[in-house]
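What follows is a single structure, written as structure tokens, with notes after it.
For the single chain, residues carry numbers from 1 onward in sequence order.
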Amino acid sequence: MIQDIICGAPLMERRQYKIGKMDCAGCAREVESAVGKLDGVHFARVDFLSNTLQLVGDVEFDRLRTQVEAVGKTISGGPEIPNAQAAVAKRSGVLGFWDYLLSRPASRLAVVGGALLAFAIVADISRLLPPNASNLLYLLAMLVAIKPIAASGVKALRINREFNINLLMTVAAIGALFLGEYLEAATVIFLFAIGEALEGYTADRARDSLRSLVARKPPTAHRIVGDRTEIVAVEDLQVADQIRVLPGERIPIDGAVTAGHSDVDQAHITGESLPASKAPGEAVFAGSINGVAALDVRVTRLSQDSTLSRIIALLQDAASRRAPSQRLVDKFAQTYTPAVMLAALAVAIVPPLFFGGSFWNTADGAGWLYRALSMLVIACPCALVISTPVTVISAITAAARRGVLIKGGAPLEALAGSQVLAFDKTGTLTRGALDVEATFTDFCDGSPDCEPCAELIAMAASVEAQSTHPFAGAIMRTAAERGLQYARATGVETLPGNGVRGEVDGRRVTVGSHRFFDGEFEHTEKLCEMAELIEARGKSAVMVHDGDNVRGVIALADTARKESAQVVSELGAMGIESIMLSGDNNRVAKAIADEVGVDRFFGELLPEDKLLAVEKLAAQHGQVAMVGDGINDAPALARAAVGIAMGGAGSAQAIETADIVLLAQGLSQLPATIRRARFARRLIRQNIALSLGLKAAFLLLAATGNVTMLVAVFADMGMSLAVTLNGMRALRE
């Protein structure tokens with residue numbers, strides 16, 4: 001459910017719609033305000049960059065469409081999946097902007113008005129027409145270009161009871177006509193219309209960066225039917241269907257390889273720079289590029305459920321989630337425009353009434369009415385409103401291209417502000433795949449070929465065969481590799497945090513930790529010393545009791561990931577404290593902590609202890625980010641300011657629940673993601689400072705008569721373009 005809904009609103013399904021004909025951030029606020037006034041609407045949010053309306057409430061679509069169209073926009077009955085192929089084919093630069101102008105009715109009127117304005121200026125300069133005739137042409141040019149602008153302003157006033165920037169520009173242009181400034185009135189309206197179109201065009205280019213991900217989804221697949229293949233739409237594939245992917249083709253859907261060996265480029269999902277080798281039984285993702293050999297693949301997910309589809313859907317949703325800084329800016333913008341309008345009214349009236357100033361223009365300079373009209377031109381808050389979202393969508397798209405899924409501006413800003421990073425140990429800092437390193441009994445020296453050690457592994461495997469603990473996997477693999485035969489235990493029960501036990505041939509067999517055995521079963525000093533030595537070396541000691549005696553100790557090791565030490569070192573260089581949280585005993589935790597170089601560690605933590613640890617760290621340091629596997633340690637991940645799941649490409653739960661997902665197995669992308677978040681935060685701050693600073697400067701210049709309306713509209717256009725282009729720098733980081 002959307003977080004911004006006021007407390008007490010009834011629980012309703014969130015619906016999403018596509019909004020058209022939005023050229024600026026102000027358009028989004030107009031639609032949002034209009035929809036919010038409908039009876040039955042509990043929440044409405046319109047995002048300019050994604051062109052989407054998120055709605056919670058009970059309102060008929062016909063009423064919704066009537067209200068949206070009343071403010072000059074269009075609505076379609078569902079979120080539109082962007083046409084990435086068309087987006088890729090778009091022209092860029094001046095030609096792309098020209099195509100954009102001709103695609104929108106309001107922009108086409110601006111082009112016609114601009115042509116009339118240019119002809120009038122040439123005729124005026126060359127004296128082809130008398131002055132009054134030129135003024136009529138200027139007036140005609142203004143009337144053509146101002147039509148959609150004035151209509152939008154009047155609709156906003158009638159529907160929302162608000163003065164939007166279009167109404168202010170209309171008032172400014174009409175005021176200029178009263179002052180006899182025909183050329184200036186026409187030029188201001190033309191430049192404003194072109195500026196709005198330019199803002200829409202640059203925002204559309206930002207959207208294209210997200211649309212490009214969709215282009216990775218092939219529309220068709222080669223389905224295997226008997227001894228032949230047929231081409232079918234990807235949407236028609238069902239789970240368990242067999243498809244064939246030829247060399248060089250994109251894999252159309254998630255699946256598992258059933259035949260063939262090839263290298264697959266899956267960088268769009270995991271961010272890995274090198275292709276991954278794929279053999280029968282291994283998973284492949286939609287959109288990946290097959291290498292030099294054909295692969296037969298069994299479909300494991302429907303098209304709409306594929307990893308790539310989920311990522312695209314979540315990114316589209318993330319693009320509309322407002323960052324904290326954006327929410328503050330939006331609140332400020334709601335009061336900024338009416339405040340500037342009142343200030344302009346005061347500038348126009350107060351000096352002539354009380355200080356003898358001239359209301360009209362004089363030979364010595366601009367009158368107070370002209371100054372007020374210049375202030376109205378500068379009043380547009382679009383540059384300020386768009387400063388944050390264009391940066392956020394650029395940053396999350398850039399991260400997605402590198403195998404990192406960031407779910408919106410709030411996690412992005414929270415990550416940028418985190419000074420403490422907590423790591424789960426097993427499977428995060430370590431490989432998470434334990435191996436049996438050695439076995440020890442009272443009757444042998446640990447040789448894997450001795451009979452007592454083989455019996456020890458077989459007895460443990462009998463019980464662990466029904467366990468999902470990582471220890472079980474390692475023991476079962478070893479039993480299989482050695483070809484050991486073992487009975488299947490019955491009545492198996494888990495001893496939370498301690499081990500597992502079950503009945504094997506009438507014996508009560510227990511497999512558990514050394515710590516548990518110390519308080520539960522008597523065992524020889526030799527086995528106790530061996531278990532302590534194993535743990536002192538940073539490994540796990542598992543003991544086996546056959547119902548009468550402790551039979552021996554199994555040493556299991558989970559080694560650190562090869563990149564963990566480098567990642568922790570990079571984080572330290574960035575001023576981030578690394579803390580490891582582990583459920584293992586302190587000696588095992590210390591060995592891994594020393595190996596990877598974390599600043600602090602906490603061992604012997606149950607899941608609830610990890611939650612408490614994160615809460616204590618948050619109380620001490622403020623924002624705390626945590627990295628885990630996205631499934632285990634869920635309470636701690638949820639409590640952290642940012643929950644980061646690692647290896648989420650194959651886990652639907654990790655993708656759905658975490659704030660940030662490192663889609664590859666490994667931590668290599670983590671430092672770069674934090675640097676990218678911090679860069680985006682700097683861009684947001686720069687954009688806000690630039691917007692506010694220049695607005696304040698030009699408002700002061702306008703009030704003192706030191707700036708013309710033409711310069712004011714150029715300044716407004718320049719600010720919107722500058723913050724948009726600056727925000728899009730996050731795409732290249």
(request) Please lay out, stage by stage, how M459 and E455 fare under the test side-chain contact (heavy atoms from CB on, under 4.5 Å). (result) CA-CA 6 Å; M459 187 173 294; E455 292 176 354; 6.0 Å; no
(request) Kindly indicate, with the supporting measurements, whether the criterion side-chain contact (heavy atoms from CB on, under 4.5 Å) is fulfilled by L429 and V598. (result) CA-CA 10 Å; L429 288 173; V598 294; 4.1 Å; yes
(request) Give a yes or no on whether a salt bridge exists between D435 and R477, defined as a side-chain N under 4.0 angstrom from a carboxylate O. (result) yes
(request) List for me each residue that meets salt bridge (Lys or Arg N to Asp or Glu O under 4.0 Å) alongside E503, sequence neighbours excluded, and say none if there are none. (result) R508
(request) Before accepting this row, confirm whether a basic side-chain N of the pair R515/E535 lies closer than 4.0 Å to the acidic partner's carboxylate O. (result) no
(message) Do I579 and F423 have side chains that approach each other closer than 4.5 Å (heavy atoms only, starting at C-beta)?
(response) no
(message) Using modelled atom types and a 3.5 Å cut-off, is there a donor and acceptor pairing between side-chain atoms of K425 and backbone atoms of G583?
(response) no
(request) May I ask you to say whether R551 pairs ionically with D442, meaning some side-chain N is under 4.0 Å from a carboxylate O? (result) no
(request) Return yes if some donor-acceptor pair links the side-chain N/O of T478 with the main-chain N/O of A474 below 3.5 Å, else return no. (result) yes
(message) How close do L581 and A422 get, counting heavy atoms only, and between which atoms?
(response) CD1-CB, 4.2 Å
(message) I want to check something: taking the side chain as every heavy atom from C-beta on, are L237 and R223 in contact at a cut-off of under 4.5 Å?
(response) yes
(message) Treating S462 as the side-chain partner and A458 as the backbone partner, does any N or O pair qualify as donor plus acceptor under 3.5 Å?
(response) yes
(message) As an exercise, state the distance from OG of S668 to CZ of R402, rounded to the nearest 0.5 Å.
(response) 13.0 Å
(message) Are the side chains of Y486 and E464 in contact, using a 4.5 Å heavy-atom criterion?
(response) no
(message) Side chains of N498 and S513: any donor to acceptor distance under 3.5 Å?
(response) no
(message) Under 3.5 Å, is there a donor on one side chain and an acceptor on the other for H523 and N549?
(response) no
(message) Please check: side-chain N/O of E493 versus main-chain N/O of G502, any donor-acceptor pairing under 3.5 Å?
(response) no
(message) Looking at every non-hydrogen atom in both residues, tell me the closest pair between A560 and V596 and how far apart they are.
(response) CB-CG1, 3.7 Å
(message) Could you check whether any side-chain heavy atom of H222 comes within less than 4.5 Å of a side-chain heavy atom of E249, counting everything from C-beta outward?
(response) yes
(message) Is it the case that atom CD in E525 sees more than 12 heavy atoms from other parts of the structure closer than 6.0 Å?
(response) no
(message) For D296 and T258, which I'm curious about, is there any donor-acceptor pair between the side chains at under 3.5 Å?
(response) no
(request) For residues H261 and P280, determine if any side-chain heavy atom of one lies less than 4.5 Å from a side-chain heavy atom of the other. (result) yes
(request) State, with a plain yes or no, whether a side-chain heavy atom of L667 is found less than 4.5 Å away from one of S564. (result) yes
(request) Return yes if some donor-acceptor pair links the side-chain N/O of Q623 with the main-chain N/O of A414 below 3.5 Å, else return no. (result) yes
(request) Ignoring hydrogens and angles, state whether a donor on the side chain of H545 or E520 is under 3.5 Å from an acceptor on the partner side chain. (result) no
(message) For R639 versus V614, what's the shortest heavy-atom pair and its separation?
(response) CG-CG1, 3.9 Å
(message) Checking R488 against Q466 for the side-chain contact (heavy atoms from CB on, under 4.5 Å) test, could you report, in this order, the C-alpha distance in whole Å, the side-chain angles of both residues, the deciding distance, and whether it holds?
(response) CA-CA 9 Å; R488 192 172 184 84; Q466 298 181 57; 3.8 Å; yes
(message) How about CG on D505, more than 12 heavy atoms from neighbouring residues, nucleotides or ligands closer than 6.0 Å, or not?
(response) no
(request) List the atom of K610, the atom of S582, and the distance in Å for their closest heavy-atom pair. (result) CE-C, 4.1 Å
(request) Without swapping roles, check the side chain of Q566 against the backbone of E563 for a donor-acceptor pair under 3.5 Å. (result) no
(message) Please determine whether the number of non-hydrogen atoms from other residues, nucleotides or ligands lying under 6.0 Å from atom CD of E522 exceeds 12.
(response) no
(request) Please confirm whether the backbone N or O of A293 pairs with a side-chain atom of N290, one donor and one acceptor, at under 3.5 Å? (result) yes
(message) Between R250 and G287 (side chain of the first, backbone of the second, donor and acceptor by atom type, cut-off under 3.5 Å), is there such a pair?
(response) yes
(message) Given 3.5 Å as the limit, does a donor-acceptor pair link the side chain of R561 with the main chain of T428, or not?
(response) yes
(message) In the structure I gave you, are the side-chain heavy atoms of V404 and L663 within less than 4.5 Å of one another anywhere?
(response) no
(request) For residues V642 and L415, report the shortest heavy-atom separation together with the two atoms involved. (result) CG2-N, 3.5 Å
(request) Start with the C-alpha gap between S262 and K278, add the side-chain angles, then the distance that decides, and say whether side-chain contact (heavy atoms from CB on, under 4.5 Å) holds. (result) CA-CA 5 Å; S262 186; K278 298 294 181 181; 5.6 Å; no
(request) Determine, step by step, whether D546 and R507 satisfy the salt bridge (Lys or Arg N to Asp or Glu O under 4.0 Å) criterion, reporting the C-alpha distance in whole Å, the side-chain angles of both residues, the deciding distance to 0.1 Å, and the verdict. (result) CA-CA 6 Å; D546 65 3; R507 291 174 174 267; 3.7 Å; yes
(request) Measure the spacing between CZ of R676 and CD1 of I406 and express it to the nearest 0.5 Å. (result) 7.0 Å
(message) Take a 6.0 Å sphere around CD of Q485 and say whether it holds more than 12 heavy atoms from other residues, nucleotides or ligands.
(response) no
(message) Are the side chains of S540 and H514 in contact, using a 4.5 Å heavy-atom criterion?
(response) no
(request) Taking all heavy atoms of A256 and all of T300, pick out the closest pair and write down the distance. (result) N-CG2, 3.9 Å
(message) Using 0.5 Å steps for rounding, measure from the OG1 atom of T673 to the CD1 atom of I644.
(response) 8.0 Å
(message) Using the rule side chain to side chain contact (heavy atoms under 4.5 Å, CB included), only one of V232, V299, V297, I224 pairs with D241; which is it?
(response) V299
